[in-house]
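Right, one structure below, let's go through it.
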Amino acid sequence: MTRPFHLSDYNKKVLDHYENPRNVGRVADADAEAMAGNPDGDRMRLTLRIRQGVIEAAKFQTFGCVAAIASSSMVTELLRGRTLDDALRLTNRDVVEALGGLPDVKLECSVIAEKAIRAALADYRKR
Amino acid sequence: MTRPFHLSDYNKKVLDHYENPRNVGRVADADAEAMAGNPDGDRMRLTLRIRQGVIEAAKFQTFGCVAAIASSSMVTELLRGRTLDDALRLTNRDVVEALGGLPDVKLECSVIAEKAIRAALADYRKR
Amino acid sequence: MTGNEEKTIYMDHHATTPALPEVVEAMLPYFTRNFGNPASSTHEFGRVACEAVDEARGRIAALIGANPAEIVFTSGATESNNLAVRGIAEENRRRGNHIVTCAIEHHAILDTCERLEEKGFRVTRLPVDRDGLVDPEAVKDAITPETILISIQFANGEIGTIQPIEAIGKIANRRGVAFHCDAVQAVGRVKVDVRKCGIDLMSISAHKMYGPKGIGALFLRAGIPITPQITGGGQEGDIRSGTLNVPAIVGFGKACEIARREEGKEAARQGRLRDRLRRGLEAGIEAAALSGHPERRLPNNLNFRFRWVDGEAIVQGVKGIALSTGSACSTGEKQASYVIRALGVPEEEARGSVRFGLGRDNTEEEIDLVIEQVERAVRRLREMSPLP
Amino acid sequence: MTGNEEKTIYMDHHATTPALPEVVEAMLPYFTRNFGNPASSTHEFGRVACEAVDEARGRIAALIGANPAEIVFTSGATESNNLAVRGIAEENRRRGNHIVTCAIEHHAILDTCERLEEKGFRVTRLPVDRDGLVDPEAVKDAITPETILISIQFANGEIGTIQPIEAIGKIANRRGVAFHCDAVQAVGRVKVDVRKCGIDLMSISAHKMYGPKGIGALFLRAGIPITPQITGGGQEGDIRSGTLNVPAIVGFGKACEIARREEGKEAARQGRLRDRLRRGLEAGIEAAALSGHPERRLPNNLNFRFRWVDGEAIVQGVKGIALSTGSACSTGEKQASYVIRALGVPEEEARGSVRFGLGRDNTEEEIDLVIEQVERAVRRLREMSPLP
Ligand SMILES: Cc1ncc(COP(=O)(O)O)c(C=O)c1O
Ligand SMILES: Cc1ncc(COP(=O)(O)O)c(C=O)c1O
């Protein structure tokens, strides 16, 4: 029989991003801001400072499980220094890979990070 | 839930009659002899010496469980010194009582002793 | 356990409890020296095992006010619940096809009822109020001539709410409907008397009350016919076949004896710790709401919803304390607990639930540590949250 | 046990076996220190329990040549047999309603099949020959398009006969019928490999192989759909709900590890003792016939019919030796064993049956004592018997 999910299945990198999340909060005078949501209720706010088509700073606030928080933290790291085109190509799989993997039942929780990118860049284009 | 039968449910008197059965064998020159049987396969041979309407000696041979053997042994004791009328009034309940009781599931095993009396006395009358 | 986990404070006693040393000690001889099969009718090994089972049966019966002959051993309360629901349904199929239960029963009741629906039974799942209470009047109104079983738990394992079992029992008895009660979380913690409550069938489990895992019982009132679900050797009056788990039964008996000996004392002590924990959490953390009834609850249970944060994130953040964020059985599920949602709590809020299940080993110092740790974890996560 | 019973020689290892000290030792930490519920996903107590279960699952699987994911834990083989037969029947109801089994299966198979007959299933109970063998050709001939299950035991617990499982498995596999095997008496005594035998489902029980009571398993080949019989928390891949009995599972795993480690060695030793016992009994007692196959039998089993005397009377007369006169499960029954009668033995002769179930603890000196004692008891009873 397959083993059910256990919190200890999270790897060290995931737990590090949960314990010491990078870039928590809101970028002052943000150029883009969006709130993304998952059907299970997770919520993530992503704010970006963009200079000459490049993401200079990214910050997040997340309501969600360990995986959602770690994915949020990781995606802010992945976004910094990227061109907007590049950023749009980021998927939740990139986030999961950068985290060194997530437990199967938690893969969905990383999707919020991808949604947040798209929503934030849409907000940027609208401005 | 009710407890199933266990060999240790036999009382001391029953076990004594099983261990040290009284009157095993066949009376020499028997005046009455019969083989009785139970539906479960038990078999008991009862032989009697009868003088002036009184049972002077009774002996048994039994194929059967502990209860059947003890009942057989006990009934030979109960028969000795009884008139034939008296002997005919003996029932398996008298045997069980004389044994100080039998486990519920073993009550039926004492019936063979009663059957043997009736069969032996019938044989006596036929002679 | 290795290294620093040794100091972990266990506060998840609804999921399971450790077997008491006295319980393990009582069990030990029955693994090796007195290892007989109670069904072995021809020798001492069988007799000794049989007598040990009888003694334990008596102790279990005594704790709940039953006769020993009314105790059917099972492998645990999941099986007891299945035997009760499936067994009564199958037995009474010709009399009716309707079952009344409630929305916050254990999965072993709810899932089993779903299986029965597939077989043509009709199930009424009564709602609970915001405190988790079933309304006895609603039970009464739900009964139809087709109703063959009412199954309502004694106390809930997540939110601790204790149901008005006596009132429900009266209604069931008056209407002549078999009344089953899942009392797993209650027995050993609060007084449970099957006669006083009018209970016809009741599930209990040893590992929830400091006995061993893998053994439970179904109280089956004398004269209640039921269809066996596991057939074979004819053990337990032919109601539940299978070689009896002698050591576990002995341990179960010992656990019941201890529970009875201590009566309300240990419950009162845990109740005081529980109140201290509640006061501490309410004082230290804003927007923290208690789930379950404020008074009619298990003495060892608290369940708080901490708004704007997620339960898993909290329990991961609380170091050195074993807590749960939902039912012990709903692993890997992403939704908030069905029990909390049944109270009318919105999904988002329900997700911030943390269950505190106190036990015999918890101390005042531990309570204070838990308050401090939970406060810290919630504060940190709220700083990270986009809500409210 | 008290007083002089301490010296009782136990020779009833088909009924149950003592848990080995190594097994109990392995279990102990899981009652107290590592008492967690494997379903507790949020803390170390749960993780430690879960890992212990995984390790044990691996050991059990290794002994029988299965994958760990194919092991479903149950409360014992009675439940495993019920799950297999009821679960396959319910799952395949629409495909067919016919089950093939044999006359000398354990009650957990035979009684369960009877229950299914009441629900509209049709059951073929194949006869056995005078050695207790099922004819694979008869299995083949019994299969109809309606056949959904073949259930044949690996070895019989009374007479020790080992069935031609590989041949039966081949037939079942070729015809695409699910093949269940009750291997309770075989595993740990003879080599059992589920793949080699083409077994789809297999029941095993720890307490028959020096593990604890109250734990068993159903091997369920990957891809075989089955309807769960105990529903609830979703443990065991939703096939068998209920809190896992962690200490017992650990003990089961240890017992399997020991069985695997020793492979045929202990079986060979017992086989030699068994042969000595057989020679002794045959030399000392006339009109003593062996029940079961003369060669294809469990290394630890003998079953003799002593003519003209009753089995109960023999075992009561044999002092200081624990023997059985029939199946451990048929207590209080007055008839001779259904297994012995299925061999074509007349009722009267069958009643003189005594089973000798050897085990790890038996010695050569004990064997000689048993020969002497049984000889004495039979002689005494024969002197009392009116037969032949
Ligand atoms: C209310 C309730 N009923 C039943 C069960 C299942 O009991 P067991 O673990 O003995 O299968 C539980 C355990 O989670 C429970 O809390
Ligand atoms: C062949 C066989 N199957 C099944 C069982 C039942 O196993 P358990 O005692 O684990 O319920 C037994 C035990 O008597 C047996 O010998």
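Not measured: the values here are computed from a predicted model. Values below: every heavy atom of this structure, side chains too, minus hydrogens, waters and symmetry copies. Naming convention: chains lettered A, B, ... in sequence-line order (proteins, then strands); numbering from 1 in each chain.
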### salt bridge (Lys or Arg N to Asp or Glu O under 4.0 Å) contacts touching residues 74-88 of chain D (sequence neighbours left out)
Glu79(D)-Arg240(D)
Please output the side-chain donor-acceptor pairs of residues 53-65 of chain A that fall under 3.5 Å, not counting sequence neighbours, one pair per line with the distance.
residue	atom	partner	partner atom	Å
Gln61(A)	OE1	Arg45(A)	NH1	2.6
Thr62(A)	OG1	Ser72(A)	OG	2.7

### Task
Could you list the residues that satisfy side chain to side chain donor-acceptor pair (under 3.5 Å) with Thr147(D), not counting sequence neighbours?
His98(D), Thr144(D)
#### Entry: CZ/Arg51(A): more than 12 non-hydrogen atoms of other groups inside 6.0 Å
yes
## Note on the structure
For residues 7-27 of chain A against chain D, heavy atoms under 4.5 Å, the residues are Leu7(A), Ser8(A)
### Task
Would you check if the side chain of Glu70(D) reaches a backbone N or O of Ala61(D) as a donor-acceptor pair within less than 3.5 Å?
no
### Query
Roughly how far, to the nearest 0.5 Å, is CE of Met209(D) from CG of Leu20(D)?
9.5 Å
